[in-house]
Amino acid sequence: MAWRLHLTNQAIRRVDILPGKPALAAAWAGRGRVSYFDLESGVPAGEAVHRAPVVEPRQGIKWQEFVTGLTAPNGAPLPFVQAGGAAVHTTEDGRMRLYHTGADLFLESEGKEIKLETGGVAFIAVGLDRFLGLVAALDENCRLTIYQQHIRVGVFETGLQAGEYLQPVVAVANGGSAIFACDGRQVALLDSGGRVRRRLNAHYAIGRLACSPNGRLIATSDAETGVIRVYSGADFTPTHQRHALDLLQEATQIQLIEDIPPGAAGVGALGVHNTGDLAFAVSGMICVTHVKHMTALPRPQPLL
């Protein structure tokens, strides 16, 4: 079932699809505040506020209790939390965490933390393989540094260029099978060895990008028109598209009273799963739908 829910009068910063029993959608409406909903029905499944210890070192008991508690009601570790001056990325089993603190990266595995060699550069976008722990980090010159856990594999040219208005994004499929790096105009598909395999030159400004855990689907939002597009992660073949507000209006309304975002509002958060489930936010409203509710695009056919 496709559903929509007006959660807050503030912008929703992030949405995640969390597999489990039941599968959940998580929406971050503010720093440290997350609300959970049943992925299928939209029924509220709880909320939490995660505030990191202010002065506690990450090796301390209070901090370890804090990060151990970064789980959803269905037991799934939260993929990403902004806490204590650090961006915290966590693997699916919760045994490995990546901390991005300004110019530094730290990888924690089984309670032991190692500082990653950055070569003195600052990273503007970071992605973590949530299955094996591969790390991909994009610097200010849009070069990609790849780590196999704590070992730096190398620094690689992507052909991307950081712009003034669009935020670069890095998304990593499970097992490091695909790395998607985006500068807002292009998306580069790289393998775990840093080789660029494919390139998507978009005819629009990419506001948000997400990849499914298996890397077979990527979803983007048009920063100017609000259109959401879905591509094959293997070769960037476009498969589906539809305007976000059309998807919102078609979805089942969970509340009696709500405020539909204005037509000019853009997609502020985006997530996609292996099953084709799609979660996105426009202003303070969250919507969970499926690619089957989007317009299927014709597949290119070879000339006879």
Side-chain angles (χ1 to χ4, degrees), residues 13-14 31 52 57-59 63 67 79-91 96-109 112-202 205-211 215 218 220 223 269-270:
R13 299 166 181 258
R14 181 183 173 95
R31 193 176 183 88
R58 289 196 297 272
Q59 293 73 32
W63 179 271
V67 293
F80 177 88
V81 176
Q82 190 76 39
V88 186
H89 304 257
T90 306
T91 54
M96 189 177 299
R97 296 180 188 91
L98 175 70
Y99 299 104
H100 182 200
T101 60
D104 295 321
L105 290 175
F106 300 87
L107 192 67
E108 177 192 307
S109 180
K112 182 180 179 181
E113 184 177 292
I114 298 175
K115 184 177 181 180
L116 303 185
E117 173 58 47
T118 64
V121 302
F123 294 123
I124 56 177
V126 175
L128 173 68
D129 156 27
R130 300 193 66 223
F131 188 62
L132 295 178
L134 179 143
V135 177
L138 206 61
D139 65 27
E140 296 173 322
N141 295 313
C142 283
R143 291 174 298 190
L144 192 72
T145 302
I146 296 177
Y147 305 85
Q148 289 285 357
Q149 297 191 13
H150 63 279
I151 300 172
R152 188 165 76 160
V153 176
V155 182
F156 307 96
E157 297 291 340
T158 63
L160 305 179
Q161 294 182 343
E164 185 177 355
Y165 301 107
L166 299 173
Q167 179 65 36
V169 179
V170 176
V172 185
N174 282 353
S177 57
I179 301 170
F180 299 96
C182 174
D183 63 3
R185 292 293 180 182
Q186 297 183 65
V187 183
L189 167 60
L190 300 94
D191 60 24
S192 59
R195 290 176 289 272
V196 177
R197 295 301 192 184
R198 297 274 181 174
R199 194 178 299 277
L200 169 65
N201 292 298
I206 300 173
R208 295 289 182 266
L209 177 142
C211 80
I218 65 167
T220 67
L270 183 64

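Side-chain atoms are counted along with the backbone in the values below, which use heavy atoms only and exclude waters and symmetry mates.
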### Message
How close do Gly184 and Leu166 get, counting heavy atoms only, and between which atoms?
### Response
O-CD1, 3.4 Å
#### Entry: Spatial distance of atom CZ (Arg198) from atom CG (Asp191) [nearest 0.5 Å]
13.0 Å
### Task
Measure the spacing between CD of Glu113 and CZ of Arg97 and express it to the nearest 0.5 Å.
10.5 Å
### Message
Using modelled atom types and a 3.5 Å cut-off, is there a donor and acceptor pairing between side-chain atoms of His89 and backbone atoms of Thr91?
### Response
no
### Message
Is it the case that atom CD in Gln59 sees more than 12 heavy atoms from other parts of the structure closer than 6.0 Å?
### Response
yes
#### Entry: Closest non-hydrogen atom pair between Leu107 and Met96, with its separation
CD1-CG, 3.9 Å
### Query
Backbone N or O of Ile151 within a donor-acceptor pair of the Glu117 side chain at under 3.5 Å?
no
### Message
Return the CZ to CZ distance between Arg130 and Phe80, rounded to the nearest 0.5 Å.
### Response
12.0 Å
## Note on the structure
In terms of heavy-atom contacts, Leu209 and Thr220 come closest through CD1-CG2, 4.0 Å
### Query
Say you draw a straight line from CD of Gln149 to CG of Leu134; how long is it, rounded to the nearest 0.5 Å?
9.0 Å
### Query
Do you know which two heavy atoms are closest between Leu116 and His150, and how far apart they sit?
CD2-CA, 3.4 Å
## Note on the structure
Output for pair (Gln161 CD, Arg185 CZ), nearest 0.5 Å, gives 12.0 Å
### Query
If you draw the axis of the six-membered ring of Tyr99, does the NZ or CZ of Arg58 fall within 45° of it and under 6.0 Å from the ring centre?
yes
### Summary
Looking only at heavy atoms, the pair that brings Leu138 and Ala181 closest together is CD1-CB, 4.4 Å
### Message
Closer than 3.5 angstrom, by distance alone: can the side chain of Thr158 be matched with the main-chain N or O of Cys142 as a donor-acceptor pair?
### Response
yes
### Query
Counting N and O atoms only, with roles assigned by atom type, does the side chain of Asp129 sit under 3.5 Å from a partner on the main chain of Gly175, one being a donor and the other an acceptor?
yes
### Task
Compare all side-chain heavy atoms of Val187 with those of Ile206 and state whether any distance is below 4.5 angstrom.
yes
### Atom CZ of Phe106 with >12 non-hydrogen neighbours under 6.0 angstrom
yes
#### Entry: Other residues, nucleotides, ligands: >12 heavy atoms within 6.0 Å of Glu140 CD
no
### Message
What verdict does the side-chain contact (heavy atoms from CB on, under 4.5 Å) test give for Val88 and Leu98, after you've listed the backbone C-alpha separation in whole Å, the side-chain angles of each residue and the deciding distance to 0.1 Å?
### Response
CA-CA 6 Å; Val88 186; Leu98 175 70; over 6 Å; no
### Criterion side-chain contact (heavy atoms from CB on, under 4.5 Å) on Leu105 and Tyr147, from CA distance to verdict
CA-CA 11 Å; Leu105 290 175; Tyr147 305 85; 4.0 Å; yes
### Query
Quick one: CG on Leu144 to CG on Asp139, what's the gap to the nearest 0.5 Å?
8.5 Å
### Message
Can you give me the closest heavy-atom contact between Ala125 and Pro168, atom names plus distance?
### Response
CB-O, 3.6 Å
### Whether Gln167 side chain and Ile124 backbone form a donor-acceptor pair below 3.5 Å
yes
### Message
Assess the residue pair Phe180 and Val170 against the criterion (side-chain contact (heavy atoms from CB on, under 4.5 Å)); give the C-alpha distance rounded to whole Å, side-chain angles, the decisive distance to 0.1 Å, and a yes or no.
### Response
CA-CA 6 Å; Phe180 299 96; Val170 176; over 6 Å; no
